[in-house]
Amino acid sequence: MSSSRIQLVQGDITTLDVEVVVAAANSGLMGGGGVDGAIHRAAGPELLQACRKLGGCPTGEARMTPGFQLHAKYVIHAVGPIWDGGGYGEAELLRSAYTSSLALAQQHDVRSIAFPCISTGVYGFPKEKACEIAITAVQYWLAENALPERVTFCCFGDDDYALYEQRLSES
Ligand code: ADP
């Protein structure tokens, strides 16, 4: 049964009314393209300044900054793995990027958080595998923790949205 604490939406994550948006960041936290670029554009230049002070973030971990001009109070910068065939711990690192973000949100009493499909753009993680890992990691977390109360998966493309819709209908 799918948890009512999980929501699925399609569109631009920067427009969502949530307390935290998660950025699919690179380990330098220096801004990038894709969803990270969109978040930096919407948050304004102060976001990059805040990121510079963090001194990077290892793959599989996450860091938090304010959301600046975003609706969201915070941005969590999660670093997913670059797909390299699957034999380099990519699955565990992706799971860890989700779980680290949820733990950080919980520490800050966050009630609502939205995730993009981390690593499935430029980082090349196969979309179906990534969808399974993302949903499983979030479901496990929600079964054990009261916060965040609500988790939104924000899919940009039709293909991702269809994958998540199908997978959530089965759980
Ligand atoms: P990565 O480097 O982790 O692969 P990308 O930003 O290249 O990150 O892609 C991650 C996912 O974010 C992709 O599924 C892409 O379609 C999606 N995406 C791109 N822009 C946005 C946006 N504005 N809101 C939500 N998702 C987005």
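Keep in mind that what you see is a predicted model, and the values were worked out from it rather than measured. Basis for what follows: all heavy atoms, side chains included, without hydrogens, waters or symmetry-related copies. Start at 1 and go down the list; that is how both ligands and their atoms are numbered.
- Judged purely by atom type and a 3.5 angstrom limit, Thr14 has no side-chain atom pairing as donor or acceptor with the backbone of Ala38.
- Side-chain N/O atoms of Glu92 and Ser96 include no donor and acceptor closer than 3.5 Å.
- Enumerated by chain and number, the residues approaching ligand 1 to less than 4.0 Å through a heavy atom are Gly11, Asp12, Ile13, Ala24, Gly34, Val35, Ala38, Cys117, Ser119, Thr120, Gly121, Val122, Tyr123, Phe156, Asp160.
- By the salt bridge (Lys or Arg N to Asp or Glu O under 4.0 Å) test, Glu149 pairs with no residue at all, sequence neighbours left out.
- Using a 4.0 Å cut-off between charged side-chain N and carboxylate O, Glu61 and Arg63 make a salt bridge.
- Residues meeting the salt bridge (Lys or Arg N to Asp or Glu O under 4.0 Å) test with Glu128, sequence neighbours left out: none.
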Would you list the atom pairs, donor with acceptor, under 3.5 Å between side chains in residues 108-116 and any protein atom, with sequence neighbours excluded?
| from | atom 1 | to | atom 2 | distance (Å) |
| --- | --- | --- | --- | --- |
| His108 | ND1 | Leu104 | O | 3.0 |
| Arg111 | NE | Glu19 | OE2 | 3.2 |
| Arg111 | NH2 | Glu19 | OE2 | 3.3 |
| Ser112 | OG | Glu19 | N | 3.0 |

